[in-house]
Amino acid sequence: MRKRKKILASLDLREEKINLVIMKKTLTGVKTLLSENFSRNDLTLVSHKLQEYRPKEVILLTSQEKVIVRDFTLPRVDEARIKSMLYYELAGILPYSMEQIQLDYILLHKSRKEIKVKSFVIPDYLFRDAEILKDAGIYVTRIIPRGLALTGYYSYAKSGVFNRLINVSSPNGQLVVYPDIQKYFCKSYKHGQSIDILNIKKDCLEQGIEPESWDLVKVGQSNFDLIGAIYFHLKNPRFNLYRALESKNTQGFLKVGIVVTIVAILAINMGTFYVRYKSVHGELGIYQERLERLMPRILNVNKLKTDFTKDKNNYEKLVQVSAQDTDYLIWLKELHLLLQEDTDVNVMIFDGGMLRELRGKAPLATKVTGRLQDSPYFSGSEFISPITPRIENGKELEEFSIKAVLTNPFEKGGGVNE
C-alpha cells in the first residue's frame with residue numbers, strides 16, 4: 001500500500017485512551033483530518049484508521065520524565081559525524097550504557113570553527129509502546145518527547161504565546177515549557193506535585209532564558225502535543241529518537257530471502273561500525289591536538305603556583321622574624337646573599353644572639369657552613385645533625401641542619417659585605 005506523502009499521524013498512549021491525530025500538509029499550512037480517542041483495547045480500529053489514511057509518518061509521543069537534554073559545543077565537522085561525536089561526549093555521564101540509548105540533536109549554531117547542538121537522549125525501554133503497536137500492525141516511524149512536541153506547537157502554531165512560560169495540565173501531571181526550540185526548556189511534575197517557580201526561574205536563567213513575565217500561562221490538556229509533534233517534524237524532518245528493536249524469529253527455519261536480508265544487514269552494520277570507528281578515531285585526534293596545545297599552559301601554571309607558594313612561605317617567614325626583632329633582618333639579608341639558588345631552606349630560627357637552626361637542602365652541605373664561617377655576620381657555624389643524602393627529581397641533594405652565632409661584622413674582622 002503506497003503511503004501518502006502529505007499525510008502525517010501522531011499517537012499518544014499515555015492515558016487510558018489512545019489519542020490519534022491525522023493531519024495533511026497543504027499549501028497554506030496544516031489541516032486536521034482526524035482527531036479521535038480510542039480505547040486501549042481498540043488497537044485494531046486504530047490500525048484500520050491508519051490504513052485508511054495511509055500517512056507517510058506515524059509519530060509516537062513518549063513521556064518527558066526520562067528524556068535527558070544536554071548542550072554541546074563541538075569542532076566543525078560533517079553533519080554525518082555529529083551523532084558519533086555526541087555518543088563520545090555522553091559516554092560516562094549517563095545512567096545508561098551507550099548500547100541502551102537512542103539520541104538525536106537540534107543544530108543551534110554553526111560557525112567556521114565550531115557548532116553548537118542540543119542533544120536529546122532516551123533509553124531503549126521507551127520503545128516498548130512502539131513494539132506493542134507493531135504487533136497490532138501499527139508501524140511507528142518516529143518518537144518525539146512530549147515536551148519537545150509541546151514546544152513545537154507553541155513555536156510554530158502561532159497560538160499567541162511568545163516569551164512566556166506555559167503550564168500544560170493533564171490528569172497525569174503537569175509540564176512547564178518555554179516556546180522556543182533553540183532555548184528549549186521543559187520540566188515535568190507528577191500529579192499532585194506543586195510547581196516550584198523559584199527553581200524554574202533559576203533553571204531558566206542558567207540557560208539564558210528570561211521570559212517577559214514569570215506568571216505561568218495555564219492551559220488544559222488537549223491535542224496540543226499531538227499537533228505539535230507534527231509541526232515539529234515538519235520543521236525538523238530528520239529528527240528521530242526511534243530505532244526499531246529486533247523481533248524474535250518464532251519459526252524453526254529461515255527462508256533464502258531472509259538469509260540474504262540478514263547478510264545484507266550484517267554487511268551494512270559492519271560498514272556502519274567501520275565508519276563510526278573512523279569517526280571516533282578522528283575525534284580522538286582532535287581532542288589530542290587540543291590537549292597538546294593546552295599542556296604547555298598547564299605546566300606553566302603549575303610552575304607559577306609552585307613559585308608563588310615558595311614566595312608566600314618566604315614572606316611569612318620574614319613577617320615572623322620581623323615580629324620578633326627587626327635587627328634580625330640584617331642577618332637575614334646576609335643569608336639571602338650567601339645562600340645560592342640551589343639551596344632550599346625549610347626552617348630558619350633566630351634566638352637571642354644565635355641562628356639556632358638553619359635547616360634545608362643543598363648539593364653540598366659543607367659549602368653552606370663554609371660560606372657562613374667566611375661571612376663577617378656569622379661565626380662558629382656547625383652541623384647539629386648528620387648530613388642526610390637524598391635524591392629529588394633526579395638530583396643528588398644533602399639535607400642539613402646548621403647553627404651559628406650572630407656576629408657584629410666590625411667585631412669579627414672589620415669587613416662588611418656590600
Side-chain angles (χ1 to χ4, degrees), residues 73 75 89 92-93 284-418:
T73 300
E89 294 284 349
I93 66 173
L284 288 176
I286 292 172
Y287 291 113
Q288 181 64 34
E289 182 181 348
R290 288 183 179 179
L291 181 61
E292 290 174 355
R293 290 200 303 265
L294 290 174
M295 189 57 68
R297 300 182 184 179
I298 294 173
L299 295 176
N300 188 39
V301 169
N302 289 338
K303 182 178 181 300
L304 290 174
K305 288 171 64 178
T306 302
D307 293 343
F308 174 77
T309 301
K310 287 183 178 180
D311 292 341
K312 179 176 177 290
N313 292 338
N314 290 335
Y315 172 76
E316 290 175 351
K317 292 174 184 177
L318 282 171
V319 171
Q320 293 175 0
V321 170
S322 176
Q324 294 176 4
D325 193 333
T326 307
D327 293 340
Y328 286 139
L329 293 177
I330 299 172
W331 287 275
L332 190 60
K333 178 181 179 182
E334 178 67 5
L335 283 174
H336 175 72
L337 296 173
L338 292 176
L339 300 178
Q340 298 181 357
E341 292 183 359
D342 57 4
T343 303
D344 187 10
V345 175
N346 300 324
V347 176
M348 186 184 305
I349 302 175
F350 290 93
D351 185 12
M354 293 287 295
L355 174 59
R356 184 66 62 188
E357 183 177 6
L358 181 68
R359 188 191 309 166
K361 296 173 287 188
L364 192 59
T366 54
K367 283 189 175 181
V368 178
T369 56
R371 297 190 196 112
L372 290 175
Q373 193 61 34
D374 293 339
S375 170
Y377 289 87
F378 300 95
S379 65
S381 62
E382 59 179 296
F383 293 103
I384 58 177
S385 65
I387 298 173
T388 306
R390 62 181 297 175
I391 304 296
E392 191 172 286
N393 296 328
K395 295 181 180 180
E396 295 183 2
L397 299 175
E398 293 181 348
E399 287 188 347
F400 61 82
S401 184
I402 300 171
K403 70 176 182 178
V405 178
L406 305 180
T407 307
N408 188 313
F410 297 98
E411 293 178 357
K412 183 175 182 181
V416 180
N417 288 348
E418 297 295 335

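Note that this is a predicted model, so its numbers are computed, not measured. Side-chain atoms are counted along with the backbone in the values below, which use heavy atoms only and exclude waters and symmetry mates.
- Shown here for Arg371 and Leu338, the closest heavy-atom pair between the two residues is CD-O, 3.2 Å.
- In this structure, Phe378 and Leu355 approach most closely via the heavy-atom pair CE2-CD2, 4.1 Å.
- When every heavy atom of Ile384 is checked against every heavy atom of Arg356, the shortest pair comes out as CD1-O, 4.1 Å.
- Checked by atom type and distance alone, the side chain of Asn313 pairs as donor or acceptor with a backbone atom of Thr309 at under 3.5 Å.
- Within a 6.0 Å radius of CD in Glu392, more than 12 heavy atoms belonging to other residues, nucleotides or ligands are found.
- With rounding to the nearest 0.5 Å, the separation of CD in Glu89 from OG1 in Thr73 is 9.5 Å.
- The distance from atom NZ of Lys367 to atom OG1 of Thr343, rounded to the nearest 0.5 Å, is 10.0 Å.
- Closest approach of Ser401 and Ser385 over heavy atoms only: CB-OG, 3.2 Å.
- A side chain to side chain donor-acceptor pair (under 3.5 Å) with Glu399 holds for exactly one of Arg390, Arg359, Lys361; it is Arg390.
- Looking only at side-chain heavy atoms (C-beta outward), Leu335 and Leu358 come within less than 4.5 Å of each other.
- For the atom pair CG (Leu299) and CG (Leu294), the distance works out to 11.0 Å, reported to the nearest 0.5 Å.
- Under the 4.5 Å side-chain criterion, counting only non-hydrogen atoms from C-beta, Glu357 is not in contact with Ile402.
- Side-chain contact between Leu337 and Glu334 is present, with at least one heavy-atom pair separated by less than 4.5 Å.
- One distance of note links CG of Leu372 with CG of Leu339; it measures 7.0 Å at 0.5 Å rounding.
- Thr369 places none of its side-chain heavy atoms less than 4.5 Å from the side chain of Glu382.
- Nearest heavy-atom pair, Phe400 versus Ala365, reported as atom, atom and distance to 0.1 Å: CB-CB, 3.8 Å.
- Of all the heavy atoms in Ser379 and Thr407, the pair that sits closest is OG-OG1, 3.0 Å.
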